[in-house]
2 protein chains.
Amino acid sequence: MASESGKARRKPRADSLRNREKLLEAAATVFGAGGAQASLEAVAREAGVGIGTLYRHFPTREELFEAVYRNEVDILYALAEELVREEVEPVTALQRWIHASVRLFATKSGMIGALQLATQASAELKTYSMDKMTGSIGMLIDRGVRDGTLRDDIGPEDVFRALVGIYYSQNQTGGPAAALRLIDVFVDGLRKR
Amino acid sequence: MASESGKARRKPRADSLRNREKLLEAAATVFGAGGAQASLEAVAREAGVGIGTLYRHFPTREELFEAVYRNEVDILYALAEELVREEVEPVTALQRWIHASVRLFATKSGMIGALQLATQASAELKTYSMDKMTGSIGMLIDRGVRDGTLRDDIGPEDVFRALVGIYYSQNQTGGPAAALRLIDVFVDGLRKR
DNA sequence: TGATAAACGGAGGCGCCCTCCGTATATTCT
DNA sequence: AGAATATACGGAGGGCGCCTCCGTTTATCA
């Protein structure tokens with residue numbers, strides 16, 4: 001009968017939801033620029049929100065971290081859906097999506113290490129992100145396979161692995177520019193010949 | 001002419017040297033217990049020294065870290081020399097030395113990560129420690145090879161690699177006790193049959 | 001035994017962490 | 001619409017760690 005479990009509850013306040021969004025965005029910026037140990041007060045300032053509000057939404061630094069990460073993954077998934085919905089030509093769509101992924105994580109060099117710690121800590125988070133990423137890639141390459149522009153012997157997991165490799169290489173040498181070039185080569189290789 | 005480079009300088013003050021020692025020891029304790037981000041003020045307190053003194057000796061956290069690490073490596077080298085000097089029976093000497101190494105690093109679980117960062121940053125530090133460690137092992141196994149109690153087809157680098165493997169495994173599971181057992185097996189395998 | 005270079009120590013200013021609670025506001029009820 | 005109330009907001013404040021600066025102490029040198 002009750003729409004949720006247990007007693008009937010009020011719906012969440014609109015300002016609360018807005019602030020949560022603002023905090024996630026600010027955290028992505030601040031952690032991206034200043035590394036994983038950047039000040040939480042800086043995040044609150046950037047979000048234009050009191051420090052108390054930050055702590056109410058994310059009681060620990062780790063929770064904020066994890067939420068930021070989930071959010072980025074969700075954004076990429078939404079982008080994949082959008083590219084499919086707008087019927088962008090499959091190869092172009094795949095290329096755009098991968099570029100966006102690299103760019104999204106490129107700004108977060110300091111976060112990568114912390115992310116690894118986080119994913120090691122939470123298996124749930126790991127499978128969550130794995131599913132979302134391979135899901136995104138899957139829906140993009142399926143279309144290409146169907147219309148005959150992409151090879152059909154490469155799975156989403158393979159593409160994901162390649163992506164991870166390129167994230168890494170970018171962190172060590174060359175930076176985003178080199179990574180983006182690598183990706184063009186890689187995507188070209190995915191074409192059906 | 002001048003004993004050192006350039007102008008004739010006073011010899012360093014005795015209290016300065018003493019404090020440096022005290023700080024290294026305290027830092028090993030505090031970082032060992034509380035992880036790499038433990039408070040530097042706690043280190044100074046533990047050493048019974050003002051915070052200013054700590055900063056004069058080690059202007060940055062990284063420098064303190066590096067010095068602690070060098071110091072531990074030096075201690076192990078000195079132990080190897082001592083074991084040789086006292087003509088301890090070769091297999092026993094090797095076993096004791098390796099046990100000491102494991103115990104020394106066992107207390108420093110939090111430091112391991114930071115050490116990796118440090119060694120990645122400074123190639124010099126890496127080769128320094130590599131040389132000291134393989135040097136120690138080398139002088140210990142040479143004696144065993146010479147008197148015929150140890151096989152002659154295993155180099156110091158091989159032993160060092162095995163050691164690193166055991167450090168790692170201990171960090172993940174079992175703890176020091178398991179590591180020490182592994183070592184006994186390993187050393188036994190080094191005997192000439 | 002001075003003279004003095006060198007080292008000591010800790011106060012102080014700053015920023016960050018996190019909690020607590022008085023104030024503000026969105027939602028619900030009538 | 002207006003009142004009632006559950007929720008969320010903001011930021012002051014106490015505590016701690018970082019790091020610098022400089023008056024005081026002490027070891028070395030002549």
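Within every chain, numbering begins at 1; the chains are lettered A, B, ... in the order of the sequence lines, protein sequences first and strands thereafter. Hydrogens, waters and symmetry mates play no part in the numbers below; they use all other heavy atoms, side chains included.
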Report task. State which of C/dA7, C/dC18, C/dC16 makes the closest approach to the side chain of B/S16. Result -> C/dA7
**Report entry** chain B contact limits on DNA chain D, taken 5' to 3' with a cut-off of 4.0 angstrom to heavy atoms
**Finding:** D/dG17 to D/dC29
Report task. Answer yes or no: is there a side-chain heavy-atom contact under 4.5 Å between A/V91 and A/D188? Result -> no
Report summary line: Rounding to 0.5 Å, atoms OG (B/S122) and CD (B/E66) come to a distance of 5.0 Å
Query raised in the report: OP1 or OP2 of C/dG9 less than 4.0 angstrom from a side-chain nitrogen or oxygen of B/T53, does that happen here?
Result: yes
Query raised in the report: Using a cut-off of 4.0 Å on non-hydrogen atoms, how would the nucleic acid contact of A/R61 be classed: base, sugar-phosphate, or nothing?
Result: sugar-phosphate
Requested in this report: Please list all pairs passing the salt bridge (charged side-chain N to carboxylate O under 4.0 Å, His left out) test where one or both residues lie in residues 11-27 of chain A, with sequence neighbours left out.
Outcome: A/R13-A/D15
**Report entry** Value in whole Å for how far the P atom of C/dA5 lies from CZ of B/R56
**Finding:** 17 Å
Report summary line: Rounded to whole Å, the CZ-P distance (B/R20 to C/dC8) equals 12 Å
Requested in this report: Please tell me which of A/L40 and B/E41 maps to the more 5' nucleotide of DNA chain C, matching each residue to the nucleotide holding its nearest heavy atom.
Outcome: B/E41
Query - Within 6.0 Å of CZ in A/R96, more than 12 heavy atoms from elsewhere - result: no
Query - Phosphate OP1/OP2 of C/dT25 contacted by A/R13 side-chain N/O (<4.0 Å) - result: no
Report task. Using whole Å, report how far CZ of A/F58 lies from C1' of C/dC18. Result -> 16 Å
Query raised in the report: Between B/I51 and A/P12, which is nearer to the 5' end of DNA chain D once each is assigned its nearest nucleotide?
Result: A/P12
Report task. Select from A/G48 and B/K11 the residue whose nearest nucleotide in DNA chain D is closer to the 5' end of that strand. Result -> A/G48
Report task. Could you note down all residue pairs passing side chain to side chain donor-acceptor pair (under 3.5 Å) where residues 138-148 of chain B supplies at least one of them, sequence neighbours left out? Result -> B/D147-B/T149
Query - B/R191 vs B/E89, salt bridge (Lys or Arg N to Asp or Glu O under 4.0 Å): CA-CA, chis, key distance, verdict - result: CA-CA 13 Å; B/R191 290 194 137 91; B/E89 193 269 310; 5.2 Å; no
Query raised in the report: Is there a side-chain polar atom (N or O) of B/H57 under 4.0 Å from OP1 or OP2 of C/dC8?
Result: yes
Report summary line: One should read off an interatomic distance between A/I51 CD1 and A/L40 CG, to the nearest 0.5 angstrom, of 6.0 Å
Requested in this report: Would you kindly give the CG-to-C1' distance between A/L54 and C/dC17, to the nearest whole Å?
Outcome: 11 Å
